[in-house]
*Asks:* 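Pasting a structure here, questions to come.
Quick note: residue numbers are just sequence positions, from 1. Everything numeric here is computed off the predicted structure, so don't read it as measured data.
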Amino acid sequence: MALSRVHFTVDVHRQLSSNESVFVTGSSSSLGEWRPTESLPLQSLDSNPNRWVGYIDTNDDALKFRYFIGYKLFGEVERLIVSAWEAHLIPRHVLIKAEARNGECRKSHIDLFDYYAGRHSCSEGWLQYDEENEILLSIHGKALKFYKSDRLNCKIKVNSLDVRRREGLNGYVPPSRDGEEELDDDEEDLSLPLPSHSHALVSVLSSTSSNCKYSPQSEKGVTFNNLRDYLVFRTRSVAVDFLAFFIEIFSEEGKRIGSCYALPSTLQDSSGQTSIPFINSSGRPIGQITVDYLFIRNLRIPHPRQLMDTTYAKHWKKRSTIEVGHRGAGNSYTKFAMARENTIHSLNIAAKNGADYVEFDVQLTKDKIAVIYHDFHVLLSVARRNKEGVNVEKELQPQSTDYHEMALKDLTLSQLELLKMDHLAYPEQHANVAKLTSEMEEEADLCPFPTLIDALHKVDPDVGFNIEVKYPMMQEDGLHECANYFERNNFVDIILADVLKSAPHRRIMFSSFDPDICAMIAMKQNRYPVFFLCVGETQRYARFKDQRCSTSLASVNFACGADLLGVNFNSEDLLVDPRPVRRASELGLVSFVWGEDLDKKEHINYFKRDVGVDGIIYDRIGEEERRQNVFVVEREAKKALNLVTSGDSTPQRNCSPERDRTNTPNTPQFQSIEEEVKVDCQIHPLSYFPSYYRIHRVINVSLFNHLPFQRESQEIHFYRENQI
């Protein structure tokens, strides 16, 4: 078979760093079969540096592909790092056999990076290699301390360095006194062909910030004021042992006040806080800077290889509000939902009642198994001995039982399944709080603490999962939800590996109240979207100390900077001020809402109709008003559409006697395809039609004027935004 030459030309209208290039990967072996490490590098034109070109010779009939931006780092070996890639649900595609002319295909076609099928969609790259780390340095609160007098409007710049290389610092050389220091005569390591780290970028999460996305730093840094601003610096490294940060503090006028070095290799944990003294130009200590740090490493537990063929991370279809069952069928311990919350049974009841998604909480047991449960602690019921030293048996009343609070993380799965436990609120409010475990043996699906893997396998596959990843946080009142918890990377890896291995086709979204957990989930996998859960302004719940969760607007800024899909707001806060939803929409974020206020139908309607949120999470879904899962409706609509476009009938004429549909049992009788489509549109509103179809034959478009068709060459496309 003769080879065809497929050309790739793409314009990139974003600022690329000096070491970044554009690549293309796709379904062909010539494009690496979706493996970025084997992709095709493109070349920029001298006459137009924003235009990148390349080609392959192939005998494939069709080709799917995506563009991405990347750069190379060198640790022990050379690594290609993905910094940004096209995240459309449907990749670009070309029918080579149909479109090639004289052996050339797409010769004069010019693409625009991140824009395809009428929408922009771009996602940041994920961590691929064991030696690859993303390091985040956060400066906030009372981070700057001067030993003499405080300063306002200081500017901070963080430079990433490899200690083996002599890298310039804007012409600045740390101070020394003549004759008092030994000259540095160490030779530079010339064996390093490429840098081992990326340039440090900054995200400004301050409430007044207009752009929260990571961007290059200015020469004199970014403005910071104590208790007002929140800065996050990040860099990617494949040789953390040789990474250093040179931190500079400038005055408001741009004059250097002081500087210091931070060495990540000296930090003991993957996350924490450290204080570093900084010196002035004469070498005298004049203050210190406090920095929060977070090391995000790649997903190291065995899991299916993450390629670039499929992603839902930045994908959302605008439609009527998605409805999510809170803890399945609802809170059962304090609200007495019809099924025990966060069980397989409860999740399936919500699915049966028409929930589009079910929300549940995931944390780890002592033996590091991901289980579904809301609270970080449980109460162990221990029977008291009577005076004769005999255990009190049968029906134990609260006064004859001792309760011992234990963290879930300190109990193994087998212990959770065997021990008698109660909800934390039971001793004080036992008349109004359901028991956690039953006195009688129950079916497995009714029992608390189901594993995440069991839920992925046993719950109705049509219902999506909103997986809230529980990680304890420090509260404003100084109390920690659960101290001495699991190391963050290992904790997230266990949960992600379970999902990637056991949920190949289920709709999944992740969420967490912990902003660092959200960032880690987004950086460790490229398939599923992540939402930031926020409490915001509240009188009902304990507030968190983390400034990124302090207000709903702060949460929006963080979600934008961390490249998340959206924010899950507290209804209590939005009922007072719904503006954060508008701000989220302006930044291209999806908005969900949760909260106690959603027990009232009028509040649900308010958020759906007036505020216009994309999703709503509430208890007892489908009990008062039956509904149907929107994805099931769309699937049925797709089946109906496939029926009317099948070969059983011809669009240009009525059904022939030989293929009359009246001969088929249970099939509606229509006089024409046009009539059938009209009836189908009445049954299935247009908003429920699937997102994108290619009908590989020419049909009479005029008969389908009830549907949003667009004619393009010899195909018909539905261009509707997609939804997972």
Side-chain angles (χ1 to χ4, degrees), residues 16-23 25 32-41 68-85 124-137 158-169 184-201 214 233-246 261-272 293-308 487-490 492-493 496-497 500 519-520 522-526:
L16 301 184
S17 63
S18 59
N19 62 338
E20 284 185 321
S21 299
V22 180
F23 301 79
T25 186
E33 295 178 326
W34 301 111
R35 294 184 291 271
T37 53
E38 301 175 28
S39 58
L40 173 71
F68 71 91
I69 297 171
Y71 56 93
K72 294 182 178 180
L73 298 179
F74 187 87
E76 295 182 356
V77 295
E78 182 178 289
R79 296 298 195 185
L80 175 60
I81 309 298
V82 177
S83 54
W85 62 297
E124 295 182 354
W126 71 105
L127 298 166
Q128 304 176 68
Y129 316 105
D130 285 350
E131 69 272 28
E132 186 181 7
N133 284 263
E134 176 124 317
I135 302 94
L136 303 180
L137 301 182
V158 175
N159 307 275
S160 51
L161 309 171
D162 188 318
V163 296
R164 298 168 295 177
R165 304 172 69 109
R166 292 180 178 175
E167 303 178 73
L169 297 172
D184 180 10
D185 58 357
D186 291 339
E187 293 186 2
E188 180 177 4
D189 188 346
L190 300 178
S191 65
L192 303 174
L194 293 167
S196 63
H197 59 85
S198 66
H199 297 292
L201 303 177
Y214 282 96
F233 299 87
R234 78 173 185 190
T235 191
R236 192 80 60 92
S237 174
V238 294
V240 174
D241 289 343
F242 302 102
L243 180 67
F245 292 105
F246 181 64
Y261 282 95
L263 299 177
S265 60
T266 64
L267 302 175
Q268 298 300 313
D269 200 356
S270 60
S271 62
Y293 60 88
L294 174 66
F295 289 76
I296 307 177
R297 65 170 187 243
N298 73 313
L299 176 55
R300 295 182 181 177
I301 294 178
H303 63 281
R305 184 170 183 177
Q306 300 188 72
L307 304 176
M308 300 181 80
E487 192 276 326
R488 288 175 180 269
N489 280 282
N490 186 243
V492 172
D493 286 359
L496 287 182
L500 291 172
M520 296 175 82
M523 289 304 305
K524 286 172 176 285
Q525 54 86 38
N526 69 356

*Asks:* Determine, for Phe74 and Arg79, whether the Lys NZ or Arg CZ falls below 6.0 Å from the six-membered ring centre while staying within 45 degrees of the axis.
*Replies:* no

*Asks:* Check this for me, if you would: do Glu132 and Arg297 make a salt bridge, where the nitrogen-to-carboxylate-oxygen distance has to be below 4.0 angstrom?
*Replies:*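 Salt bridge flag = no for Arg297 with Glu132.
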
*Asks:* Here's a test for you: under side chain to side chain contact (heavy atoms under 4.5 Å, CB included), which of Leu73, Asn298, Val77 qualifies with Glu131?
*Replies:*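 By the side chain to side chain contact (heavy atoms under 4.5 Å, CB included) criterion, Glu131 pairs with just one of Leu73, Asn298, Val77: Val77.
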
*Asks:* Give, for atom CZ of Phe242 and atom NE2 of His197, the distance between the pair rounded to the nearest 0.5 Å.
*Replies:*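 Rounded to the nearest 0.5 Å, the CZ-NE2 separation comes out at 12.5 Å.
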
*Asks:* Let me confirm one number: the CG-CG distance from Asp162 to Asp241, rounded to the nearest 0.5 Å.
*Replies:* 10.5 Å

*Asks:* With the threshold set at 4.0 Å, does a side-chain nitrogen-carboxylate oxygen contact exist between Lys524 and Asp493?
*Replies:*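 Looking at Lys524 and Asp493, the cut-off is met.
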
*Asks:* Do Ile135 and Arg234 have side chains that approach each other closer than 4.5 Å (heavy atoms only, starting at C-beta)?
*Replies:*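 Side chain of Ile135 against side chain of Arg234, heavy atoms only: no contact under 4.5 Å found.
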
*Asks:* Rounded to the nearest 0.5 Å, what's the gap from OG on Ser160 to CZ on Phe233? Could you check?
*Replies:*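 Output value for this atom pair is 11.5 Å.
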
*Asks:* Rounded to the nearest 0.5 Å, what separation is found between the CG atom of Leu307 and the CG atom of Asn526?
*Replies:*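 Those atoms lie 8.0 Å apart.
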
*Asks:* Is the shortest side-chain heavy-atom distance between Gln306 and Trp126 below 4.5 Å?
*Replies:*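 Heavy-atom side-chain distance check passes, below 4.5 Å.
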
*Asks:* Less than 4.5 Å apart, any side-chain heavy atom of Tyr129 and any of Thr37?
*Replies:*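 Yes, side chains in contact.
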
*Asks:* Between OG1 of Thr235 and CG of Leu136, what distance do you get to the nearest 0.5 Å?
*Replies:* 10.0 Å

*Asks:* Could you tell me whether Lys72 and Glu20 make a salt bridge, using a distance below 4.0 angstrom between a side-chain N and a carboxylate O?
*Replies:*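 Answer for the salt bridge query: no.
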
*Asks:* What I'd like to find out is whether the side chain of Leu80 reaches to under 4.5 Å of the side chain of Phe23, using heavy atoms alone.
*Replies:*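 The answer is yes; the side chains approach within 4.5 Å.
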
*Asks:* So Arg236 and Tyr71, do their side chains get closer than 4.5 Å, heavy atoms only?
*Replies:*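 Sidechains of Arg236 and Tyr71: in contact.
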
*Asks:* Just verifying a value: how many Å separate Asn489 CG and Leu294 CG, rounded to the nearest 0.5 Å?
*Replies:*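 Asn489 atom CG to Leu294 atom CG measures 7.0 Å (nearest 0.5 Å).
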
